[in-house]
Structure formats: C-alpha cells, structure tokens
Amino acid sequence: MNTLWRETSGIKRVSVTLDVETAHPELEVSEDRKSVRCTGTERSLPDNGKRFTGRLCVLGSEGFTSGRHYWEVEVAEIWGWCLGVAAESVERNGEGDLTPETGVWSIDQDEDVFDADTDPPSTLPARPIPGRVGVYLSYESGTVSFYDADTKSHLHTFNGNKFTEKLYPFFATWEEDLWMRICSGSAPGV
C-alpha cells in the first residue's frame, strides 16, 4: 500500500450529493442526487447564476473550507468523464480549460486518453483505466489526490496549492445515457 494511500487513513468519508441548480441543461441528475448522465438534449432551464452553461458539469451540494474529505465515483463503462474539485468562483459559462489555474483540480478520461487536467495535460499511466475513482481533498495542506478505488493505487496528486475559497466536488460527463454514480463505502485505510 503506498504512502499517500496510508496518509488518508482516519479521514471522514463524506456523503456527496449533486447540486441540481449547478447542472448543465444537458445533464440529468437522479432523484437521489447521487448519479448524473448526459442526455444529449438541452433543456430550457432558468439562468440562476450557478448553472454551468458552457461545459457539461455539475457540482456537489456541499462545499469545504477546511478539513480532509474523501469520496468515490463509479465511472466504469463511461468513456467521457472528468472529476475532482472546483473553486466556488469557477467559470460557469465558458468552455475554457479545466486546470488549477482556472479553479479546477481534476482528472479525466476521453476515450482511451487518461489525463490529469494540467496545462498542458499530464498523461496518467493507469492501465486499465479505473472503474471507480477515489477523490481525497486535504484543504489545509493544499492537496487533491486521486486513487483507483478498486486497487487502492495512487493515480495523481495536485500539491502545493493554497486554497482560499470554498471547494466543491466537481463532476462532468459527456457520454450520453450512461450514469456516473457517487459510491458509498469506507475511506482509504479505514
């Protein structure tokens, strides 16, 4: 078991739900707010100032300004997804890059390409691409780490950040009709 995985022991696993008011009009959030999928059809929804309109994204309902938090997301069978954390001030209307410089710390899969969302993107070596991804946020230490939750192996860590605003779980999917699901279970090392 690698060191980063062990360092996450003792953290509180958070129960993440999706904020439907932030969901792009082409995204459908399940009734229990634990799953999201792309419908391919843009619904007419009011512009509430919180909704993503440029990218197929949705945020978690609860944000964090301190502490250590962990959650897992089922992405098996989906070839187009992105997940991580986003700053409250992240651009909701544009289609710009999703990078730490724009307030998003994430990894993604687009067909057979698996990357950390940096500028330029950093290819991740995981093969096969994970079916379930763990996201670990340590607010005070300025780190966001990702794990293959099935094999308990480390995928990527964004280090050296100084977080100054509320961070939210971040999700995006662009493959139609397949659900990305927030899982339950225990935190790494627990």
Side-chain angles (χ1 to χ4, degrees), residues 12-75 78 80-110 115-119 121 133-140 142-146 158 160-183:
K12 181 181 178 193
R13 181 177 183 103
V14 292
S15 178
V16 174
T17 57
L18 299 168
D19 182 352
V20 295
E21 292 188 3
T22 66
H24 184 280
E26 281 186 48
L27 295 181
E28 177 185 358
V29 174
S30 63
E31 191 173 315
D32 68 0
R33 299 187 308 144
K34 290 285 196 180
S35 300
V36 61
R37 70 180 180 136
C38 178
T39 64
T41 303
E42 191 163 325
R43 296 168 291 149
S44 177
L45 296 171
D47 182 3
N48 58 13
K50 294 173 60 177
R51 188 174 312 286
F52 284 92
T53 57
R55 289 186 166 272
L56 299 169
C57 305
V58 60
L59 297 179
S61 297
E62 182 184 349
F64 310 108
T65 56
S66 66
R68 299 185 303 163
H69 310 278
Y70 178 82
W71 60 95
E72 292 178 1
V73 184
E74 179 76 43
V75 292
I78 303 173
W81 56 265
C82 177
L83 58 92
V85 297
E88 188 168 33
S89 64
V90 68
E91 174 62 43
R92 314 282 173 113
N93 300 318
E95 292 188 20
D97 290 336
L98 301 174
T99 64
E101 293 76 22
T102 63
V104 179
W105 294 263
S106 61
I107 63 173
D108 73 71
Q109 176 187 354
D110 195 354
D115 288 327
D117 296 317
T118 56
D119 187 17
V133 175
V135 182
Y136 169 62
L137 165 65
S138 179
Y139 195 95
E140 285 81 6
T143 60
V144 181
S145 297
F146 299 89
F158 292 96
N161 301 286
K162 180 155 178 54
F163 300 132
T164 58
E165 63 180 290
K166 191 175 277 193
L167 299 178
Y168 289 86
F170 173 85
F171 309 87
T173 182
W174 49 93
E175 182 177 0
E176 291 182 20
D177 298 323
L178 292 178
W179 292 94
M180 175 189 285
R181 185 174 60 84
I182 301 165
C183 306

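None of the values given here were measured: they were computed from a predicted structure.
- Evaluation of the salt bridge (Lys or Arg N to Asp or Glu O under 4.0 Å) rule for E175 yields no partner, not counting sequence neighbours.
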Walk me through it: do F170 and C57 pass the test side-chain contact (heavy atoms from CB on, under 4.5 Å)? CA-CA 7 Å; F170 173 85; C57 305; 3.5 Å; yes
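- When only modelled atom types and interatomic distance are considered, T39 and E176 share no side-chain donor-acceptor pair under 3.5 Å.
- Evaluation of the salt bridge (Lys or Arg N to Asp or Glu O under 4.0 Å) test over residues 32-44, restricted to residues two or more places apart or in two chains, returns E28-R37, R37-D177.
- When all heavy atoms of L56 and C38 are compared, the pair lying nearest together is CD1-SG, 4.1 Å.
- When each of V73, V29, V75 is paired with F171, the side chain to side chain contact (heavy atoms under 4.5 Å, CB included) condition holds for V73 and for no other.
- A heavy-atom distance below 4.5 Å is not found between the side chains of D110 and W81.
- Residues that satisfy the salt bridge (Lys or Arg N to Asp or Glu O under 4.0 Å) test with E91, not counting sequence neighbours, are absent from this structure.
- Atom CG of D19 is separated from atom CD of E62 by 11.5 Å, given to the nearest 0.5 angstrom.
- Within the 3.5 Å criterion, the main-chain N or O of L59 finds a donor-acceptor partner in the side chain of T22.
- Atoms CZ and OH, on R68 and Y136 in that order, are 4.0 Å from each other to the nearest 0.5 Å.
- For R51 (side chain) and A23 (main-chain N/O), a donor-acceptor pair under 3.5 Å exists by modelled atom type.
- Legend: residues meeting side chain to side chain donor-acceptor pair (under 3.5 Å) with E26, ordered by chain and number and at least two apart, are absent.
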Could you walk me through whether L18 and I182 pass the side-chain contact (heavy atoms from CB on, under 4.5 Å) test, one step at a time? CA-CA 9 Å; L18 299 168; I182 301 165; 3.9 Å; yes
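- Put simply, the side chain of E140 gets close to the backbone of G67: a donor and an acceptor are under 3.5 Å apart.
- Rounding to the nearest 0.5 Å places CH2 of W179 at 5.5 Å from OG of S30.
- Using modelled atom types, one finds a donor on one side chain and an acceptor on the other under 3.5 Å when comparing T53 with N93.
- What you find for L83 and F146 is that their closest heavy atoms are O-CE2, 3.5 Å.
- Looking at heavy atoms from C-beta onward, L137 lies in side-chain contact with F64 at the 4.5 angstrom threshold.
- Across A116 and I107, no two heavy atoms sit closer than the pair CA-CG2, 4.0 Å.
- With sequence neighbours excluded, no residue forms a side chain to side chain donor-acceptor pair (under 3.5 Å) with S35.
- With D115 contributing its side chain and D117 its backbone, the two residues share no donor-acceptor pair below 3.5 Å.
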Given E21 and K50, is the salt bridge (Lys or Arg N to Asp or Glu O under 4.0 Å) satisfied, shown in steps? CA-CA 6 Å; E21 292 188 3; K50 294 173 60 177; 3.5 Å; yes
Do M180 and I78 pass the side-chain contact (heavy atoms from CB on, under 4.5 Å) test, and can you show the C-alpha distance, the side-chain angles, and the key distance before you say yes or no? CA-CA 8 Å; M180 175 189 285; I78 303 173; 4.0 Å; yes
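- Distance check, rounded to the nearest 0.5 Å: CH2 of W174 to CG of L27 gives 11.0 Å.
- With sequence neighbours excluded, no residue forms a side chain to side chain donor-acceptor pair (under 3.5 Å) with T173.
- For T102, the side chain to side chain donor-acceptor pair (under 3.5 Å) test picks out no residue, with sequence neighbours left out.
- To the nearest 0.5 Å, atoms SG (C183) and CD (E74) are separated by 5.0 Å.
- Taking the centre and axis of the six-membered ring of F52, the NZ or CZ atom of R92 falls inside the cone set by 45° and 6.0 Å.
- Under 3.5 Å, the side chains of T17 and S61 contain a donor-acceptor pair of N or O atoms.
- Within 6.0 Å of atom CD in E101, more than 12 heavy atoms from other residues, nucleotides or ligands are found, so the atom counts as buried in its surroundings.
- With sequence neighbours excluded, the residues satisfying side chain to side chain contact (heavy atoms under 4.5 Å, CB included) with P100 are W105, F158.
- Of all non-hydrogen atoms in R55 and H24, the two that sit nearest each other are O-CD2, 3.1 Å.
- Contacts of D108 classified as salt bridge (Lys or Arg N to Asp or Glu O under 4.0 Å), with partners at least two apart in sequence or in another chain: none.
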Please step through side-chain contact (heavy atoms from CB on, under 4.5 Å) for the pair T99 and T118, ending with a clear verdict. CA-CA 5 Å; T99 64; T118 56; 5.7 Å; no
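- Taking the side chain to side chain contact (heavy atoms under 4.5 Å, CB included) definition, one finds that Y139 meets it with F163, L167, sequence neighbours left out.
- Residues passing the side chain to side chain contact (heavy atoms under 4.5 Å, CB included) test with K166, sequence neighbours excluded: T65, E88, Y168.
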